[in-house]
Amino acid sequence: MGAAATGASAHTQYGTPTPLDRVIPAPASVDPGGAPYRITPGTQIRIEGPREARRVGEYLAELLRPATGYRLPVTDRGRGGIRLRLDDGPHGAEGYRLDSRRSGVTITAREPAGLFHGVQTLRQLLPPAVERDSVQRGPWLVAGGTIEDTPRYGWRGAMLDVSRHFLTVDEVRRYIDQLALYKINKLHLHLSDDQGWRIAVDSWPRLAAYGGSTEVGGGPGGHYTKAEYTELVRYAASRHLEVVPEIDMPGHTNAALASYAELNCDGVAPPLYTGTEVGFSSLCVGKEITYDFVDDVVREIAALTPGRWIHIGGDEAHSTSHEDYVTFMERVQPIVAEYGKTVIGWHQLTGAAPAEGALAQYWGLDSTSPAEKAQVAEAARNGTGLILSPADRIYLDMKYDKDTPLGLSWAGYVEVRQSYDWDPGAYLPGVPGSAVRGVEAPLWTETIENSEHIDYMAFPRLPGTAELGWSPASTHDWDDYRTRLAAQGPRWEALGIGYHRSPQVPWPTAGG
Ligand code: ACM
């Protein structure tokens with residue numbers, strides 16, 4: 001396809017609607033045809049369903065009002081217009097059907113999450129100018145036809161490391177909005193590490209007050225109060241994302257060890273740490289107070305977290321003996337279960353005995369040893385589900401190339417094609433397809449300090465992970481993908497997202 005010549009901005013400028021299949025993630029099935037629908041000053045958003053459906057309608061109206069300048073009332077009366085319908089059809093927990101014709105657009109789903117994902121598709125079918133916050137010229141056309149869509153995987157995640165550099169509630173909310181546009185449904189918050197403890201724990205107040213008081217480079221750090229964390233959980237839920245909180249243990253714990261001397265085997269608190277080395281810290285596996293600490297922290301965080309999962313880390317415990325690591329995980333996993341949650345850990349957890357129902361998050365590389373991959377595969381065959389986050393594919397903190405001004409390169413350079421062009425279902429040898437529960441793109445923040453940095457590292461790679469998680473393997477095609485990705489550029493410009501203009505993507509020329 002001649003991407004530059006047929007770019008979305010060129011089309012929409014002359015009133016030709018975006019083709020139904022030019023969205024990310026690629027829909028499961030598309031049947032184009034018929035006259036387009038046009039949003040007009042008289043368009044209404046009609047809701048057939050309970051309050052959660054109405055909330056999706058209000059969200060859509062708020063999205064469309066600034067650029068269209070239309071009133072777009074949300075109502076449960078009348079016919080035509082944009083209709084959001086819940087029924088008990090075959091769309092599963094997150095799927096939807098979008099039907100567009102001259103008389104209206106109807107999105108049908110079984111659950112509000114499906115309506116929400118359908119709304120993101122509708123949004124991408126409208127011209128990029130719809131994202132602007134002042135009135136723009138239309139026309140606001142939606143191509144005719146039908147989309148039937150349902151995700152490949154139930155876990156489509158993004159991780160933010162708020163420990164190495166603290167990110168404010170506003171910065172996290174901004175990222176949540178960006179994730180929602182691509183149907184990401186899990187926000188994994190890496191809330192503790194050597195450089196900072198980022199959530200208030202009432203029973204151990206120095207964790208946040210002291211352990212959160214700095215960050216990489218020595219800045220002031222910060223932490224979320226319980227009210228702020230609750231607001232992040234609420235905001236994520238309003239975008240149909242579930243927050244997965246991580247307390248990384250037994251390594252990556254210097255901020256906790258610095259806050260409470262009694263957590264150290266020698267009873268001496270180390271100083272706060274603002275460097276970027278890994279692997280030097282460990283909770284004291286032989287001390288009973290360690291498990292009182294874990295119990296309190298897990299209990300308090302579980303109480304604030306409506307989702308199913310608590311991430312217990314478990315990576316790079318280089319200062320914990322293997323025997324201690326196994327003992328620690330045997331003690332800690334039941335604590336998570338006791339508070340009604342299910343364990344997820346980094347894939348080193350498969351070196352211990354993962355609890356029933358646990359997930360392991362694989363973050364290795366192509367070059368990871370066959371023995372380590374085999375250990376993960378064996379756990380997967382024994383029932384441990386896998387979330388795939390290969391560092392040389394979807395770590396968003398890796399540099400794109402040698403000239404990238406931010407990021408690390410220990411897993412190599414990760415350009416857009418490298419990040420998109422692999423199959424989660426066939427990635428790790430010896431792993432049954434059914435063991436793969438999804439994908440997640442982590443963003444570690446040793447070099448990332450604010451939203452501008454997040455934008456640059458996440459775009460344009462994040463949509464590739466979203467597509468790997470959502471779209472059927474049969475739609476996977478780099479040449480088609482890069483054309484669709486190119487069409488997202490003007491949308492990011494409208495949203496104020498400063499993205500990396502990867503030379504692998506045929507971006508429309510400015511003003512094209
Ligand atoms: C990791 O990158 N240490 C999970």
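Both counts, for ligands and for their atoms, begin at 1 and track the order of listing. The model shown is predicted, which means the values in this text are computed figures rather than measured ones.
Residues that satisfy the side-chain hydrogen bond (donor to acceptor under 3.5 Å, both in side chains) test with Glu300, not counting sequence neighbours, are Ser203, Lys226.
Side-chain atoms of Thr384 do not come within 3.5 Å of backbone N or O of Ala360 as any donor-acceptor pair.
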In a simple table, one pair per line, please give the protein and ligand 1 atom names for every N or O pair closer than 3.5 Å, along with the distance.
unit_1: ligand 1; atom_1: 2 (O); unit_2: Tyr395; atom_2: OH; d: 2.6
unit_1: ligand 1; atom_1: 3 (N); unit_2: Asp315; atom_2: OD2; d: 2.7
unit_1: ligand 1; atom_1: 3 (N); unit_2: Glu316; atom_2: OE1; d: 3.0

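The aromatic rings of Tyr499 and Trp492 stand perpendicular to each other, their planes meeting at an angle above 60°, with 30° marking the opposite boundary.
Sequence neighbours left out, not one pair with a member in residues 426-443 passes salt bridge (charged side-chain N to carboxylate O under 4.0 Å, His left out).
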I'd like a table of donor-acceptor pairs (distance under 3.5 Å, sequence neighbours excluded) in which one partner is a side-chain atom from residues 210-218, with atom names and distances.
unit_1: Ser213; atom_1: OG; unit_2: Tyr210; atom_2: O; d: 2.6
unit_1: Thr214; atom_1: OG1; unit_2: Gly219; atom_2: O; d: 2.9
unit_1: Glu215; atom_1: OE1; unit_2: Phe166; atom_2: N; d: 2.9

Begin from the C-alpha positions of Tyr400 and Tyr413 and carry the test ring-ring contact (aromatic ring centres under 6.0 Å, His included) through to its verdict. CA-CA 5 Å; Tyr400 294 95; Tyr413 301 132; over 10 Å; no
